[in-house]
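Written below as structure tokens is the structure these notes are about.
Owing to the predicted nature of the structure, the values given are computational and were not obtained by experimental measurement. Letters A, B, ... are given to chains in the order of the sequence lines, protein chains preceding strands, and every chain is numbered from 1.
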Amino acid sequence: MSEDRFEEFVRGAAQDYNLPPEAPREALWARIAQARAAEREQAARPRHPSWWRWGVGLAAMLALGIGIGRLTIGGGPAGIATESGSQETTSSVGLAGDQPLPATERDALLDQVAEPGGLPGAARDREGGLADVAAGRERATGAVYRVAAVQTLAQAEALLTSFRAEPRRQALDPQVTAFTRDVLTTTRLLLDSPAGRDAELRALLEDLELVLVQIVQLSREATPDELELIGKSMRQRDVLPRLRTAIPAGPAVAGT
Amino acid sequence: MDEHKLIALVLSGDAAAERRLYDLHVDRVYRLMYRMAGDEDLAQDFTQDAFIRAFGRLREFRGESAFGTWLHSVAVSVALNGLRKVRRFRSREVELEEAGALAGTTSRSAEPDLKTKLWRAIDRLPEPYRVVFLMHDVEGYTHDEIGAVLEVPEGTSKARLSRARARLREALAEFAGEWVS
């Protein structure tokens, strides 16, 4: 058989492979323009300097180290007092080095640190150390929240991309439903977390929650209308493009 | 209007220029995305993402190649990343269902004729070969263009195409008589 004839045959037969319809120019442009407008708006907002992420990472590591130290030395996370009456392990962290604070007093002070000008005179010398601990905790919580949020958004993106790409079947695969339920649970936890103060991320999580609920609630005999409704929710809220914008970019793959 | 002027206008924040640049390239990008994805929603997602990323990173475009080439490079990267995610997700499903080998992105009939068999073989090509095959043999890009888009030497593009064809020939061996006659 001739090489040329095979190439000719393949070229001809492959023309119908994934034969594209006409590009939906206007619909695509509407989505692009909307996403670009959102990007411009975001760019106009003040941004954290580049060292901020490093700072958060270091704070998270520091907090983790302190946590491990507490668990391994003190035998408990809340700084349990030893029977011999020696000082609490937690109270040695960041304090001025004189007398340790009882747990109740320390917690009360931490509460007051959070409020401007709320420290009593006797505890003023301990203010710096306590404030450091409180700020460290807050930063660590923020970092953990971010990691969890990025992970959830990445899972949601994979899920929704696949959901849209699936041929329109009558019933959703039970495995997909279970996975959707997991992502939904994490999304709700993130929404309920006090660390999630980022208004933009919150709005995205709320829209994501709505779409995930719709997918989870798909009945066994899902009609094309139900599926279309989900697709519409995703498109109207620009869920996928927003998810992709929110997830940090991976390595480039062109040329591989 | 000259494309360089359009790009300058886009960089100055002119949304109308963005639209004109989009109009110039959307059809070709969408065609390639569709060929790669085989699914309307995915093709739209990839096209949309490619333009958003390209406009967002336009300052990185140094004009060493044509804008279309650079845009295609972004688009192919977006599509490959997207397809990898979809396939990873699907392969897990397939494993769980023990449904056998992972098929392509479109549904095919159970009894394949020669054409269907060819399509399945294209689906199964390793992604670097499949991209080159689709760009060259299906969409008519030159090896020069493909090399620029994929950031590989022209010779690599030719080699990948040759390997792609060899694999297809192997997959279609049982039908050899049909194209000879």
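Residue contact with chain B, scored on non-hydrogen atoms closer than 4.5 Å, involves the backbone and the side chain of A:L28 alike. B:F55 touches chain A through backbone and side chain together, each having a heavy atom under 4.5 Å away. Proximity to chain A involves both the backbone and the side chain of B:I122, based on heavy atoms less than 4.5 angstrom apart. Using a 4.5 Å cut-off between heavy atoms, B:D49 contacts chain A through its side chain alone, with no backbone atom that close.
B:F61 is not listed as a side-chain neighbour of B:L71, based on a closest heavy-atom distance of 4.5 Å or more. In this structure, the side chains of B:L134 and B:R130 come closer than 4.5 Å at one or more pairs of heavy atoms. Using a 4.5 Å heavy-atom cutoff, the side chains of B:S157 and B:H136 are not in contact.
Checking A:T185 against A:D182 by side-chain atom types alone, no donor-acceptor pair falls below 3.5 Å.
Remark: A:E157 engages A:R244, B:K85 in a side-chain hydrogen bond (donor to acceptor under 3.5 Å, both in side chains) (not counting sequence neighbours). Annotation: salt bridge (Lys or Arg N to Asp or Glu O under 4.0 Å) contacts of A:R36 (sequence neighbours excluded): A:E39, B:E18.
Most heavy-atom pairs under 4.5 Å with chain A: of the set B:Q44, B:E139, B:R19, this distinction falls to B:R19. Here A:P24 is the residue among A:P24, A:G12, A:A35 with the most heavy-atom pairs under 4.5 Å with chain B. Among A:A37, A:A13, A:A154, A:A27, the residue with the largest count of heavy-atom pairs under 4.5 Å with chain B is A:A13. Of the listed residues (A:L19, A:V10, A:L240), the greatest number of heavy-atom pairs within a distance under 4.5 Å of chain B belongs to A:L19.
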Exercise for review: Please assess A:L201 against A:L153 for the test side chain to side chain contact (heavy atoms under 4.5 Å, CB included), listing each intermediate value before the final yes or no.
Suggested key: CA-CA 10 Å; A:L201 179 61; A:L153 295 179; 3.8 Å; yes
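Listed in order of number, the residues of residues 23-35 of chain B that approach chain A to under 4.5 Å between heavy atoms are B:D23, B:V26, B:D27, B:Y30, B:R31, B:Y34, B:R35.
Counting only distance, with no hydrogens or angles, the side chain of A:Q15 and the backbone of B:D137 share a donor-acceptor pair below 3.5 Å. A donor-acceptor pair under 3.5 Å is formed between the side chain of B:T47 and the backbone N or O of B:A43.
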Scan the side chains in residues 203-213 of chain A for donor-acceptor partners under 3.5 Å anywhere in the protein, sequence neighbours excluded, and list what turns up.
from, atom 1, to, atom 2, distance (Å)
A:D207, OD1, A:R237, NE, 3.4
A:D207, OD2, A:R242, NH1, 2.7
A:D207, OD2, A:R242, NH2, 3.2
A:E209, OE2, A:R188, NE, 2.8

